[in-house]
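Input: a single structure, listed below in structure tokens.
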Protein chains: 2
Amino acid sequence: MFTIAIHGGAGLSTPEDLGPQRETQARLDLERSLQAAGVILANGGTALDAVVAAVKVMEDSEMFNAGRGSVLASDGNCYMDASIMDGATENAGALCGSSVVQNPIEAAAKVMTDTPYVMLVGDRLTQFAQEQGLSCQEPEWFKTTYRKEQLVDAQKNNTIMLDHEKAEAGRKKDNCKGTVGAVALDQHGNLAAATSTGGLCNKDPGRVGDSALIGAGTYAKNSTCAVSATGHGELFIRANVAGRMSAMIEFGHKTLEDAAHTLIFNELPEDIGGLISVDREGNVSLPFNTGGMFRGWMSEDNIPHVKVWKGE
Amino acid sequence: MFTIAIHGGAGLSTPEDLGPQRETQARLDLERSLQAAGVILANGGTALDAVVAAVKVMEDSEMFNAGRGSVLASDGNCYMDASIMDGATENAGALCGSSVVQNPIEAAAKVMTDTPYVMLVGDRLTQFAQEQGLSCQEPEWFKTTYRKEQLVDAQKNNTIMLDHEKAEAGRKKDNCKGTVGAVALDQHGNLAAATSTGGLCNKDPGRVGDSALIGAGTYAKNSTCAVSATGHGELFIRANVAGRMSAMIEFGHKTLEDAAHTLIFNELPEDIGGLISVDREGNVSLPFNTGGMFRGWMSEDNIPHVKVWKGE
């Protein structure tokens, strides 16, 4: 038995806002992400390798707010956050504010496996990634035309585009795709979770969101669940969402679905975000309280399920 | 009713290692910290203001690893982490890697109250602190002779001095005082928690520890507890200690003391660290699994209780 579940961000409002062309491309990329992880899991690979592979596909796609195609901060640069956790060992890796590492999730994984630390930031993160032989790019490489236009728009309207914000007249309307993430159960019964993001369009360059923080945007523990969240990061940090979901199962004896739904539908404000989760029995829960969330899952039948809208 | 509890770090081994002169000074500074918070609480001030005042005294003391007197990273500079949380609103503020803000806990509080974010890092944090009129100092100002000698020692022995590490021959033996922190209950029934640190002696300059992370080193929620942790930060992040303690009370229906003791004595490895905690009933629990923890508490009788060693 194995399972992979992914998200490409919550906060979409309507199909009209997204546009048919971008929707088609996003669905294809989500399917590719599931398949990249599925091959690993089908061949007996680890949940950890699977979530890295799934997230890398979404980081490399310009459709999602992570890696290339990340939103731009107020100074016109990309500052990326990422984190990863291994449910088997409960080891973890994280980073924030990266501007040059091509695949931040790979750097987070290296922080976990190749340092005595959980989190690295700043110039030292860049240096570490280079020492580890990870691909780095000039800051300009990450900045797509689409994101540049979005920043101009945001600055014209003097707004910080939060993942959860509804599109308003005059703005690029599908600004809200937020974070990407993956959770997996492998054939060895181990869980893993990974999250990666460019954060908020027009954000302060020094802002760190929940995607960088173990216990907020990412958590994994074999005995409870693996979780990756997406949405208004500050609220997810304050509510300690990913750690809280694990604790709801451990101490509150909730099922995976009950814990995930309680968090997203009863505790967090409406139109804020969502999460993806998986447990050791292969249960999957992917709730969101926004108009849509790019999401997908796949099990050992190798049939990728990709959805975007509410009620779909 | 009000209560303040503080710590100045866990990881001490024996009175001989610390030395009588440093012990006397540390006890005096802990008492001053309790009194600074006590005056605020006795006059009807907020738990939030009280924990900031308590932590500031310890940041300003050279005896503790926070603010002036922070340990030095491998490049010879101080990189300070801090975080704060308001149990009434569940709002929070945090920062990491600060090298110039005189009182990092004040900057964390300003991030909470004066930005839409929870966490700020890097140059933008410095700029923000300056805009807010907070005192900043040249990086050299933070570096005491004692810490410089400690770094030389650590580099000679090629060690990263973790809070939990036992002193070994040839090293400065009281290197392990770690983090400082405070938790409080005010007369309005509100809780708050704050943590501040210089991290690990000879650490990687990019390393971020649990003291910077809401849910790891710091958490506060009126309905459960306020917590500040000290110890081997990576383990505290992975176990989501502060958020987990709150969840143990909320979902596991444990008492404050039961939750705190379970974490420190049953779940975390021996000789790793400790925490301080308070709840809305004014209960206080300050467990640690090291040889000592600088700690203290005070209630409305205004009698400061200061302890250092195990069994004291």
Side-chain angles (χ1 to χ4, degrees), chain A residues 73-75 79 85-86 89-92 94-97 111 115-128 160 162 200 203-210 212-216 219 221 233-254 259, chain B residues 73-75 79 85-86 89-92 94-97 111 115-128 160 162 200 203-210 212-216 219 221 233-254 259:
Chain A
S74 60
D75 66 353
Y79 297 94
M85 190 160 178
D86 178 354
T89 60
E90 293 167 39
N91 203 351
L95 56 91
C96 64
V111 171
T115 79
Y117 310 118
V118 168
M119 192 166 182
L120 271 190
V121 300
D123 294 341
R124 269 296 300 147
L125 169 71
T126 304
Q127 202 184 328
F128 168 76
I160 301 159
L162 298 175
L200 312 174
K203 71 179 175 182
D204 189 302
R207 180 256 188 185
V208 180
D210 65 316
L213 306 186
I214 299 300
Y219 209 69
K221 190 170 176 169
E234 278 69 19
L235 292 177
F236 283 69
I237 298 171
R238 293 162 55 182
N240 194 41
V241 165
R244 182 171 173 81
M245 176 156 168
S246 172
M248 278 178 162
I249 295 170
E250 182 173 352
F251 301 113
H253 307 296
K254 285 185 186 289
Chain B
S74 60
D75 67 353
Y79 298 93
M85 190 159 180
D86 178 354
T89 60
E90 292 168 38
N91 203 352
L95 56 91
C96 65
V111 171
T115 79
Y117 310 119
V118 167
M119 192 167 182
L120 270 190
V121 300
D123 294 341
R124 269 296 299 146
L125 168 71
T126 304
Q127 202 184 326
F128 168 75
I160 301 160
L162 299 176
L200 312 175
K203 71 178 176 183
D204 189 303
R207 180 258 188 183
V208 180
D210 65 317
L213 306 185
I214 298 301
Y219 208 69
K221 191 171 178 169
E234 279 67 20
L235 292 177
F236 283 70
I237 298 172
R238 292 161 57 181
N240 194 41
V241 166
R244 182 171 174 82
M245 175 157 171
S246 172
M248 278 178 162
I249 295 170
E250 182 173 352
F251 300 114
H253 307 294
K254 286 185 186 289

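Lettering follows sequence order; numbering is per chain, from 1. Note that the coordinates shown come from a computational prediction; the quantities given were computed from them, not determined experimentally.
Side-chain atoms of A:Arg238 do not come within 3.5 Å of backbone N or O of B:Val118 as any donor-acceptor pair.
In this structure, no portion of A:Ala242 lies under 4.5 Å from any heavy atom of chain B.
Counting heavy atoms from C-beta on, the side chains of A:Val121 and B:Tyr79 never come closer than 4.5 Å. With a 4.5 Å cut-off on side-chain heavy atoms, B:Asp204 and A:Thr115 do not count as touching. Side-chain contact between A:Glu250 and B:Phe251 is absent, with no heavy atoms from C-beta onward closer than 4.5 Å. In this structure the side chain of A:Met119 reaches within 4.5 angstrom of the side chain of B:Leu213, judged on heavy atoms.
For A:Ile214 against B:Asn240, the heavy-atom pair with the smallest separation is O-OD1, 4.4 Å. Between A:Tyr117 and B:Lys203, the shortest heavy-atom contact is OH-CA, 3.6 Å.
Between chain B and the residues A:Val111, A:Asp210, A:Asn91, the most heavy-atom pairs under 4.5 angstrom are made by A:Asn91. Top candidate by heavy-atom pairs under 4.5 Å with chain B, chosen from A:Gly122, A:Pro205, A:Gly215, is A:Pro205. In terms of heavy-atom pairs under 4.5 angstrom with chain A, the leader among B:Ala94, B:Pro116, B:Gly209 is B:Pro116. Ranked by non-hydrogen atom pairs under 4.5 Å with chain B, the options A:Asp75, A:Val208, A:Leu95 are led by A:Val208.
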